[in-house]
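See below for the structure under consideration.
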Protein chains: 2
Amino acid sequence: MELYQLRSFVAVADERHFGRAANRLHLSAAPVSRAVRALEAEIGSTLFVRGAGEVRLIEVGAALHKRAAEILRNAESFGQYARELRAAPRGPTLGGTI
Amino acid sequence: MELYQLRSFVAVADERHFGRAANRLHLSAAPVSRAVRALEAEIGSTLFVRGAGEVRLIEVGAALHKRAAEILRNAESFGQYARELRAAPRGPTLGGTI
DNA sequence: AATGCTTACGGGTCACGTAATGATT
DNA sequence: AATCATTACGTGACCCGTAAGCATT
């Protein structure tokens, strides 16, 4: 499992549409579909029902959506925090000079 | 930023040694070094001091280590939770039949 | 000289985009 | 017919391992 798969999963879950999810990720629809398929294969269960002109989360997918979104938020927060620390890299190295 | 980079970062931080981190990840030392280097480049700051026969986290690295480990734990938990849900996929689809 | 991190190099995997296909309205 | 997800196909990026380089002890 990799973050790019979770990004596609969450984007589709939010947009309820593979095309819009792809636009949001600056990708074409094909890799988004593949990423979700790969995640579903790894999990062993589908996450969406595709049909009726709508993409909808099934129960398993809805439960995992919250967790996936949390992981992505943490990952984004990680990068943001890192940049903040870089802006203020005051203080000695851990354990003193090496 | 991708999970494989965080895996290398956390492994090196835990082991304080690129070689042992590589063994733990079933990789050679080279890709571990590259993954950490890439993360450091993306962040804009080094994370370790290499030298004196020891690898040690600097302050920035220590702060990010905790966050990175948490992300990896969440990612692992995600997979585990997914398998649990697959084992008991009872219940209707969200919003009823499509 | 020995240990260990890093960089160079070549190869194989895989994620991407375009285009064709299938399914549904 | 139109829309949309999926699959096929070729290409480019990139991650990996091996090997050479460099620093420190």
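Letters go in sequence order (proteins before strands), and every chain restarts at 1. Quantities reported herein were computed from a predicted structural model and do not represent experimental measurements.
- One atom, CZ of Arg7(B), and another, C1' of dC16(D), lie 15 Å apart when rounded to the nearest Å.
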What are the atom names and distances for every N/O pair under 3.5 Å that joins the protein to nucleotides 14-18 of chain C?
residue: dA15(C); atom: OP1; partner: Tyr4(A); partner atom: OH; Å: 3.1
residue: dA15(C); atom: OP2; partner: Tyr4(A); partner atom: OH; Å: 3.4
residue: dA15(C); atom: O5'; partner: Tyr4(A); partner atom: OH; Å: 3.0
residue: dG17(C); atom: OP2; partner: Ser28(A); partner atom: N; Å: 3.0
residue: dG17(C); atom: OP2; partner: Ser28(A); partner atom: OG; Å: 3.0
residue: dG17(C); atom: N7; partner: Arg34(A); partner atom: NH2; Å: 3.4
residue: dG17(C); atom: O6; partner: Arg34(A); partner atom: NH1; Å: 3.0
residue: dG17(C); atom: O6; partner: Arg34(A); partner atom: NH2; Å: 3.4

Side chain to side chain contact (heavy atoms under 4.5 Å, CB included), that's the test. Do Leu3(B) and Leu6(B) meet it? Break it down for me. CA-CA 5 Å; Leu3(B) 289 182; Leu6(B) 298 184; 4.3 Å; yes
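- In this structure, Arg67(A) is positioned above the aromatic face of Tyr81(B), its NZ or CZ under 6.0 Å from the six-membered ring centre and within 45° of the axis.
- Rounding to whole angstrom units, CZ of residue Arg16(A) and P of dC4(D) are separated by 16 Å.
- Across the protein-nucleic acid pair, Arg56(A) atom CZ and dT24(C) atom P stand 16 Å apart, rounded to whole Å.
- Distance NE2 (His17(B)) to C1' (dC5(C)): 9 Å, rounded to an integer number of Å.
- In this structure, the ring of Phe9(A) has its center no less than 6.0 angstrom from the ring center of Tyr4(A).
- In this structure, the CG atom of Leu47(A) is 15 Å from the C1' atom of dA5(D), given to the nearest Å.
- In this structure, Arg50(B) pairs ionically with Glu40(B), as a charged nitrogen and a carboxylate oxygen lie closer than 4.0 Å.
- Here Asp14(A) does not pair with Arg20(A) in a salt bridge; the nearest charged N to carboxylate O distance is not below 4.0 Å.
- Distance alone, capped at 3.5 Å, places no donor-acceptor pair between the Gln5(B) side chain and the Ala38(B) backbone.
- One interatomic measurement links the two molecules: CZ of Phe18(A) to C1' of dT24(C), which rounds to 15 Å at whole-angstrom precision.
- Here dC5(C) presents its P atom at 13 Å from CG of Leu25(B), a figure rounded to the nearest Å.
- Salt-bridge check for Arg7(A) with Glu76(A): failed, with every basic side-chain N at 4.0 Å or more from each acidic carboxylate O.
- Taking 4.0 angstrom as the limit, Ser33(A) places none of its side-chain polar atoms (N or O) nearer than this to OP1 or OP2 of dA5(D).
- Between the C1' atom of dT3(C) and the CD atom of Glu15(B) lies a distance of 17 Å, rounded to the nearest Å.
- Backbone-only engagement by Gly19(B) is indicated by non-hydrogen atom pairs under 4.0 Å involving sugar-phosphate atoms exclusively.
- Dashed line: the shortest gap from a side-chain N or O of Arg50(A) to OP1 or OP2 of dT6(D) is under 4.0 Å.
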